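All values below were derived from every heavy atom in this structure, side-chain atoms included, with hydrogens, water molecules and symmetry-related copies excluded. Everything numeric in this text was worked out from a predicted model, so none of it was measured.
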Amino acid sequence: MKTFCSKLKAAPNYYIIFAILIFIGAIYLVFNYLTPIVLDDCGYTRNGQTIWSIIQDQSRDYMTFNGRFLAHGCAQFIGGILGKSIFNI
């Protein structure tokens with residue numbers, strides 16, 4: 001009959017795995033915090049945007065400019081309504 005200690009030694013060390021994941025998350029947080037908003041993001045950071053204005057902008061862009069309305073809509077929502085600072089947790 002195996003003892004509890006022998007089972008614990010056979011199992012992977014979850015504390016090490018958890019520490020590695022926390023370290024990787026901290027690196028991502030630092031990189032995100034240090035990354036500025038660049039020129040292609042500035043168009044989405046207008047003040048006074050609403051969900052309805054984003055829908056109108058993306059439907060106009062879909063018909064005239066390109067078909068990437070989902071990706072650009074998410075970028076416009078994050079840049080215009082939420083802001084970059086919400087990702088710097």
Under 3.5 Å, which donor-acceptor pairs do the side chains of residues 70-78 form with other protein atoms, sequence neighbours left out?
from	atom 1	to	atom 2	distance (Å)
H72	ND1	Y44	OH	2.5
Q76	OE1	Q58	NE2	2.6
Q76	NE2	D57	OD2	2.9

Just list the side-chain donor-acceptor pairs under 3.5 Å for residues 19-26, sequence neighbours left out, or say none.
none

*Do the non-hydrogen side-chain atoms of I54 and I81 ever get within less than 4.5 Å of each other?*
yes
_N/O donor-acceptor pair under 3.5 Å between S53 side chain and Q49 backbone_ = no
_Under the salt bridge (charged side-chain N to carboxylate O under 4.0 Å, His left out) test, residues paired with R68 that sit two or more places apart_ = none
